[in-house]
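Accompanying notes for the structure given below.
If you're wondering where the values come from, they're calculated on a predicted model, not measured in any experiment. Values below: all heavy atoms of this structure, side chains included; hydrogens, waters and symmetry mates excluded.
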Amino acid sequence: MKKLFRILGKRGRITIPYEIRQRVGFSYNDVLSFTEADDGRTVIVKREKICDNCHGAQPAVVKDDEVTLFDFLSGLSADQQRAALVHLSVLWAEKQAAHSNMQE
């Protein structure tokens, strides 16, 4: 595996290189978690599964090291919660519009 370098922006943002996103399967709207390793220099980035059984009748089982959607959202700042609400509202509206267009 080759080493890729990126520069951390002044707002603390960085882009995960395309090659890595493709290899590990990260895609748009994935929920990612960041865990600091014991060495204090390494961060582990994981794609998280928010719901094990979103469309089923049984609630998902939450393991000790997993976080629920409610806990995840509760851990966000007010601005981040507002941004999540706006984003999810837009997705919902787009889905409703597509569903409405299919029925016409």
Side-chain angles (χ1 to χ4, degrees):
M1 171 171 39
K2 65 181 178 178
K3 188 182 277 192
L4 300 172
F5 294 90
R6 295 293 184 265
I7 297 173
L8 186 64
K10 62 182 167 183
R11 299 182 98 193
R13 296 180 182 171
I14 195 162
T15 300
I16 300 171
Y18 174 79
E19 299 89 355
I20 293 174
R21 292 193 321 261
Q22 289 299 308
R23 249 192 327 272
V24 299
F26 288 173
S27 61
Y28 179 72
N29 279 337
D30 279 348
V31 175
L32 305 178
S33 68
F34 300 84
T35 306
E36 184 179 351
D38 292 336
D39 66 8
R41 296 179 44 89
T42 305
V43 176
I44 300 165
V45 181
K46 288 174 46 179
R47 181 179 56 246
E48 296 294 339
K49 189 179 207 180
I50 297 297
C51 180
D52 289 330
N53 193 16
C54 293
H55 299 293
Q58 299 296 322
V61 175
V62 177
K63 298 176 185 166
D64 289 340
D65 63 339
E66 292 181 356
V67 64
T68 65
L69 178 58
F70 179 77
D71 290 338
F72 171 76
L73 292 172
S74 295
L76 298 177
S77 70
D79 287 340
Q80 291 170 322
Q81 288 177 354
R82 190 175 307 103
L85 175 62
V86 168
H87 177 73
L88 291 173
S89 297
V90 168
L91 289 177
W92 179 83
E94 289 172 349
K95 193 172 194 176
Q96 293 300 314
H99 181 69
S100 178
N101 289 338
M102 287 178 18
Q103 293 196 357
E104 292 179 355

If hydrophobic clusters are built from ILVMFWY residues whose side chains come within less than 4.5 Å, do Val43 and Phe26 share one? yes

Quick check: are there more than 12 heavy atoms from other residues, nucleotides or ligands sitting under 6.0 Å from CG of Asp39? yes

Applied to residues 11-22, the side chain to side chain donor-acceptor pair (under 3.5 Å) test, sequence neighbours excluded, yields none

Over all atoms of both residues, closest heavy-atom pair of Leu32 and Arg47: CD2-CA, 3.8 Å

Between Pro17 and Arg6, the two heavy atoms sitting closest are CB-NH2, 3.4 Å

One should read off an interatomic distance between Leu88 CG and Asn29 CG, to the nearest 0.5 angstrom, of 8.0 Å

Taking all atoms of both residues into account, what is the closest heavy-atom pair of Ala84 and Leu73, and its distance? CB-CD2, 4.3 Å

Going from OG on Ser74 to CD on Gln81, what distance comes out if it is rounded to the nearest 0.5 angstrom? 6.5 Å

Quick one: do Phe34 and Glu36 satisfy side chain to side chain contact (heavy atoms under 4.5 Å, CB included)? Show the steps, please. CA-CA 7 Å; Phe34 300 84; Glu36 184 179 351; over 6 Å; no

Which atom pair, heavy atoms only, marks the closest approach of Asp30 to Ser27? OD2-N, 2.7 Å

